[in-house]
Structure formats: structure tokens, C-alpha cells
Amino acid sequence: MDIDSSTYGVISKQMFQSGDYLHLYLNGLDYLDKPPLLFWGACLGYKLFGIHDWAYRLPSVLCLIVGIYSVYRYAKLFYSEQTAKLAALIMASCMACYVMTSDVRADTMLTGWVMFSMWQLAAYFKILNNEQANNIQYSRFKIQHLLLGGVGVGLAMLSKGPIGLIIPVTAFAVEFAYKRQWKNFFRWQYLIVIVVIALVLLPMSYGLYEQFDLHPEKPVNHTTGVSGLRFFYWTQSFGRITGESSWNNNPDPFFLFHSFLWSFAPWCVFFIPALFTELKNKVVNFKKPDATETMTVSGFVLILIFLSRSKYQLPHYSFAIHPLAAVLTAKYLDKHFLSNAKSKLFSVFYNIHIFLLFVIFAVLFLMAFYIFPAPLSIILFVVLSFLGFIYVLAFLKFNLFPKIYLLTLISFVALAFTLNTHFYPNVLTYQTGSYITKQVNALAPEGSKLLIYKDYHSFSMQFYSAVPIVEYVTEQTLPTDLVRGKTFILADTANVKTIQQINPEITVIGKYYGHSPTKLSWKFLNPSTRSLDIDHDVLMRY
């Protein structure tokens with residue numbers, strides 16, 4: 001999807017084709033925005049499977065699977081097997097996980113490696129604390145957890161910058177302070193972790209230094225004298241808070257808080273009492289801390305507050321702490337499962353959760369019957385999923401634990417399947433760049449080119465195109481670009497007459513409607529008003 005995912009796909013494609021893996025370029029221009037791990041992973045996918053959109057996504061999705069497994073192993077260190085399994089299942093069935101695996105950006109890898117580092121570091125400190133409490137040394141291999149934790153932090157930073165370090169450092173620093181474990185702030189073993197992180201970051205750091213710091217004359221965002229190292233390690237993350245970064249979309253102070261409610265759906269209902277309960281317990285036990293861990297709640301709350309201070313925010317900025325929210329939610333639910341608590345408050349949240357699941361099915365029926373009328377197979381799937389949901393809710397005599405998750409799983413799988421197989425395939429026919437390019441590829445003989453009349457190409461168009469693309473063609477330059485039988489022109493319908501006046505042999509071979517798939521509005525989704533909210537383009541051929 002345009003914009004980010006397709007941009008990264010093109011950067012990766014050009015990196016793969018050039019064979020230069022240390023320096024980042026986009027259409028021949030120096031690129032300084034994201035770290036390279038996403039692009040390296042995509043290049044590996046291209047190397048193994050060819051240049052395909054799914055080959056771009058696959059390495060990131062595998063990293064997220066590592067993250068989901070890490071959620072299970074992390075939670076298992078402190079809680080029951082049931083809590084650990086539920087935490088992993090919650091993470092795998094929230095909307096953020098769906099978004100991260102379909103519209104892949106840097107946050108997918110970041111989330112996976114942050115949680116991997118949290119698991120490894122938590123395992124190290126748990127062994128260490130047990131040894132100190134019992135005055136024994138029973139594990140000679142605990143250092144491997146520290147080393148792997150350092151690797152995880154380094155890879156998280158290679159995914160999306162210093163936030164990959166800030167999340168685990170914040171979580172564990174609060175844990176040490178809360179439990180008065182002052183010695184844990186100063187251990188010589190941390191030098192090993194620093195060395196490991198530095199080694200992981202070395203290729204990227206060298207590439208940044210060579211590409212930017214050695215060439216201060218290069219213009220970056222209309223500015224010269226830009227240090228690639230300073231940009232990566234400071235400006236890109238902290239500069240958005242201090243004001244050094246020019247990125248500013250004026251978000252409201254609670255933007256990430258209410259964005260989290262949809263991105264953690266459908267589990268957001270249970271997360272609210274889970275977070276409240278956890279914070280309350282930590283405050284009550286502050287003077288005499290109990291044995292329960294503090295990393296999860298502190299990592300979530302403080303990082304969300306930190307991210308909310310940024311002057312530029314998007315919903316996916318909080319995705320990396322969704323695994324921590326999953327652990328908090330699983331802990332809360334498991335407590336009620338084990339105690340069979342029937343409190344009125346829990347019943348209220350349970351009923352709200354069920355209502356939200358009904359809303360999901362209402363959206364599914366709306367997508368299948370109204371927004372984009374579905375084929376019979378999709379309609380049958382949605383109807384059968386809903387009937388299965390009703391059967392589990394009303395007739396199956398399950399305990400609360402399997403019932404809640406099975407109901408949620410049915411709803412989430414039905415939603416994800418319908419989005420992937422019906423809704424977005426229809427929406428993406430309005431992403432002019434990728435849709436038209438596939439048509440051109442099928443028609444174009446060797447040596448063809450695609451002209452964009454008085455406009456620029458989208459990155460999805462560039463990713464999929466098998467022919468060269470020429471941007472901003474005008475009535476003055478068009479005649480010199482025409483090659484009989486090998487020229488395709490994309491233009492707005494308003495320009496058709498002008499183009500045909502230049503050369504009457506240019507004919508329209510297709511009409512298309514355009515709309516961004518990441519900026520959906522009800523005006524577009526409503527079939528009766530859709531024509532008022534779309535661009536009208538034509539594909540022409542000479």
C-alpha cells in the first residue's frame with residue numbers, strides 16, 4: 001500500500017538490484033529516514049523468492065512471529081502457563097498484529113525484536129536474582145540470555161532506531177528502582193551488552209558515516225551538513241520531542257491513547273481494568289514491593305507517555321508495546337479464570353467485550369453486503385462464522401477461559417480473512433499506481449515505457465512496474481517521448497482531449513478510479529457517494 005510500505009519496497013528493490021547494502025538510496029537520491037534492517041530483510045526475501053510484495057513482507061512477518069513466541073516465553077517466566085499462552089494468543093489476535101503483517105513498515109520488526117530482548121533480559125535477571133536470594137550459582141549459561149538480549153536490542157535499533165533501546169531500558173530501570181535493586185544498575189556485565197549492541201549496529205553506523213558524515217555538502221531535506229549518525233541516534237527520535245526535527249503533524253495530546261483502543265481491539269475492553277488493577281497494586285505495594293514483576297506495566301505506560309510527547313505521531317508508533325499490553329490483559333483474565341470470580345465489574349467488561357464482537361460482525365456484514373457486495377463464497381463464510389459465534393455464545397457449555405478466547409478468535413479470524421480476501425482486494429483496485437501498472441505489464445512489449453502526464457508516479461506503481469516510468473510529462477515534452485506501439489500514458493480524464501490534440505493516434509484503452517487505501521472515508525466506502533470521492537484516470541496508448 002502507498003505510501004510507506006510501497007516506498008520501503010522500492011528502496012529494498014533498488015538496494016537489491018544495485019548490490020549496495022550499506023547505503024540507502026531512493027531513486028538515486030540519498031535516503032535518511034529509517035534504519036536498514038527492514039530493507040536488508042526484504043532483500044533476503046527477494047534473493048530467495050524474487051521481487052514480489054509477499055517476499056518483501058515475509059522476513060518482517062517472521063520477526064513478528066519471533067516476537068509472539070517471545071511474549072509467551074516472557075510471560076511464562078513470571079506467570080502461569082495459561083497466562084503465557086493467552087498473552088501470545090492475545091497479541092496474535094489484535095488489530096495491530098493484522099496491520100503489521102499486511103501493511104508492513106519498520107514497526108513489524110521493531111515489535112518482534114523488542115519483545116525478544118525483553119524475554120532474554122528478563123530471563124537473565126530472574127536467574128541472577130534467584131542466585132542472589134539463595135546464595136548459590138546454579139547456572140553457568142545465564143550469560144547467553146544477556147548476550148541474546150543485547151542482540152535483540154541491537155536488531156530492534158536496526159529496525160527503528162533508539163526506541164528499540166529505550167523500551168527495555170525503561171522497563172528494567174523502573175523494575176530495579178521499584179524493588180530497590182540498586183546493584184542491578186551497575187554491573188560489569190553490561191559492558192558486554194554494550195559491545196554486542198555496538199557490533200550489531202556497526203555496519204549501519206559505518207554506512208551512515210560514509211554516506212553522510214564524510215560528505216557534509218550533501219543536501220538532506222534541503223539542508224547541508226547533516227550527520228547521518230546524529231540523525232539516527234538522536235534527531236529522528238528525540239528531535240521530535242525537542243523540536244530539532246521538522247516533522248510535526250500537531251497531534252492531540254491523547255492521540256496514541258485513543259489510537260491504541262482500536263489497534264488493541266478486540267481485547268481493549270479487558271485491557272482497561274487490567275491496566276487499572278496493575279497500577280493500583282503497584283501503588284498499594286510501593287513501600288513493600290511484592291515479588292511480581294514491574295517491567296510490563298512500566299514499559300507500557302512510560303513509553304506510551306514518552307511517545308505521546310512527540311510532535312509527529314501516527315497510530316503504529318505504539319505497536320511495539322502492544323506485547324506488553326497483551327501480557328497485562330492475559331494476567332488480568334487468568335486471575336478471574338482461576339478464581340472463577342463473578343464480580344459485577346468483570347461481568348460489565350465481559351458484556352462490553354461481547355458487544356464489541358457483535359460490532360465486528362456488523363462491520364463484516366456491512367462489508368460483504370453493502371460496501372463491496374461479495375461473492376457467494378465470502379457471504380457463506382461470514383454467515384457461517386456468525387452462526388458459529390452464536391452457537392459458542394449461547395449453547396456450548398465451556399468454562400470462561402476457552403469461551404472468551406474462542407468467541408474472540410472466531411470474530412478476529414472472520415474479520416482478518418474477509419479483509420484479506422474481499423475488502424482490501426477491492427479497495428486496492430482504486431490504488432491506481434499498482435492496479436494500472438499490472439495492466440501495463442501484461443500489454444507492454446519489450447522497450448515500452450509509461451508516461452505520467454503532469455503528475456508523478458506512486459511508489460506502488462514503481463514497485464510493480466516492469467517498464468520505465470517518466471514523470472511530469474507535459475504537452476511540450478510529450479511528442480518527443482512517443483514511440484509507436486510502445487508508449488503508455490496515464491492521465492486525468494480532464495487531459496484526454498489535450499493529449500489527443502497533440503497526437504490523434506493516442507487512444508484510451510482503460511478508465512480507472514483512484515483512492516488511497518490508507519485514507520478511507522465513509523464517503524468513499526458508501527457506494528452511493530463513492531463517485532464523489534475518487535480520482536478519475538485513464539490509461540492511453542500510442
Side-chain angles (χ1 to χ4, degrees), residues 2-47 51 56 59-60 104-110 154-164 198 200-240 242-249 310-312 314 433 452 455-465 468-472:
D2 287 317
I3 303 173
D4 287 352
S5 186
S6 60
T7 304
Y8 304 152
V10 169
I11 293 173
S12 306
K13 179 181 177 181
Q14 293 175 351
M15 174 184 282
F16 176 69
Q17 291 172 334
S18 71
D20 182 357
Y21 299 104
L22 284 182
H23 312 116
L24 296 180
Y25 298 96
L26 178 58
N27 294 333
L29 301 177
D30 294 286
Y31 179 83
L32 184 61
D33 188 16
K34 291 294 183 289
L37 189 61
L38 171 62
F39 312 126
W40 291 345
C43 286
L44 178 61
Y46 298 157
K47 178 69 175 179
I51 299 176
Y56 159 79
S60 294
V104 169
R105 312 181 191 202
D107 305 88
T108 311
M109 283 187 168
L110 173 69
L155 292 174
M157 294 180 71
L158 275 180
S159 301
K160 207 179 178 182
I163 190 66
V200 173
L201 294 174
L202 182 60
M204 179 200 69
S205 299
Y206 177 76
L208 286 170
Y209 177 76
E210 191 175 53
Q211 186 174 1
F212 296 101
D213 293 68
L214 285 179
H215 298 281
E217 75 282 359
K218 285 186 175 182
V220 179
N221 295 325
H222 310 291
T223 304
T224 57
V226 176
S227 166
L229 292 172
R230 176 177 172 79
F231 178 88
F232 174 78
Y233 289 107
W234 179 262
T235 309
Q236 176 68 338
S237 296
F238 303 102
R240 299 189 184 191
T242 63
E244 295 175 62
S245 173
S246 60
W247 290 76
N248 189 338
N249 61 354
S310 174
K311 292 180 173 60
Y312 187 87
L314 294 172
I452 314 297
D455 207 348
Y456 58 91
H457 67 72
S458 66
F459 287 108
S460 63
M461 176 181 291
Q462 188 177 0
F463 179 83
Y464 288 107
S465 180
I469 302 173
V470 182
E471 299 180 304
Y472 292 110

- request: Output the distance between atom OG (S237) and atom CE (M157), rounded to the nearest 0.5 Å.
  value: 8.5 Å
field: Set of residues satisfying side chain to side chain contact (heavy atoms under 4.5 Å, CB included) with respect to D213, sequence neighbours excluded
entry: Y209, S227, L229
query: Would a 4.5 Å heavy-atom cut-off, applied to side chains only, mark I11 and K34 as touching?
result: no
- request: Let me see the working for D30 and H215 under side chain to side chain contact (heavy atoms under 4.5 Å, CB included), right down to the final yes or no.
  value: CA-CA 11 Å; D30 294 286; H215 298 281; over 6 Å; no
query: Sub-3.5 Å donor-acceptor pair from the side chain of Q236 to the main-chain atoms of D33, do we have one?
result: yes
- prompt: Can any side-chain N or O of Q14 pair as donor or acceptor with the backbone N or O of N27 at less than 3.5 Å?
  reply: yes
- request: Taking all non-hydrogen atoms of both residues into account, name the closest pair between P59 and G41 and its distance.
  value: CG-O, 2.9 Å
message: If the condition is side chain to side chain contact (heavy atoms under 4.5 Å, CB included), which residues does S6 pass it with, not counting sequence neighbours?
response: D2, F459, S460
- prompt: Which pair of heavy atoms, one from M109 and one from S159, lies closest together, and at what distance?
  reply: CB-OG, 3.4 Å
- prompt: Once you round to the nearest 0.5 Å, how far does OG of S205 lie from CZ of F232?
  reply: 7.0 Å
- prompt: Are any of the side-chain heavy atoms of P162 and F238 separated by less than 4.5 Å?
  reply: yes
Contacts of F463 that satisfy ring-ring contact (aromatic ring centres under 6.0 Å, His included) - sequence neighbours left out: none
- line: Heavy-atom closest pair (Y8 atom, Y31 atom, distance to 0.1 Å) is CE2-OH, 3.5 Å
query: For atom CD1 of I3, is the number of surrounding heavy atoms from other residues, nucleotides or ligands below 6.0 Å larger than 12?
result: no
message: Under the rule for ring-ring contact (aromatic ring centres under 6.0 Å, His included), what residues qualify as partners of Y56, not counting sequence neighbours?
response: none
query: How far does OG1 of T108 sit from CG of L38, to the nearest 0.5 angstrom?
result: 8.0 Å
message: As an exercise, state the distance from CG of L110 to CG of L37, rounded to the nearest 0.5 Å.
response: 10.0 Å
task: Supply the atom-to-atom distance M461 CE to I452 CD1, rounded to the nearest 0.5 angstrom.
output: 4.0 Å
message: If I compare all heavy atoms of S12 with all of C43, which pair ends up nearest, and what's the gap?
response: O-SG, 3.4 Å
Under 3.5 Å donor-acceptor, K218 side chain and Q211 backbone: yes
- prompt: If you take all heavy atoms of G207 and H23, which pair is closest and at what distance?
  reply: O-CD2, 3.5 Å
field: Mutual orientation of the aromatic rings belonging to Y472 and Y456 [parallel < 30°, tilted 30-60°, perpendicular > 60°]
entry: tilted
field: Residues that P203 engages under side chain to side chain contact (heavy atoms under 4.5 Å, CB included), provided they are two or more places apart
entry: L22, W40
message: Please report the interatomic distance CG(L155) to CG(L201), rounded to the nearest 0.5 Å.
response: 8.5 Å
- request: Can you establish whether the number of heavy atoms outside Y206 located under 6.0 Å from its atom OH is more than 12?
  value: no
statement: Heavy-atom nearest pair, D20 first then Y25, reads OD2-CE1, 3.8 Å
task: List in chain and number order the residues that pass ring-ring contact (aromatic ring centres under 6.0 Å, His included) with Y312, two or more places apart in sequence or in another chain; answer none if no residue qualifies.
output: W247
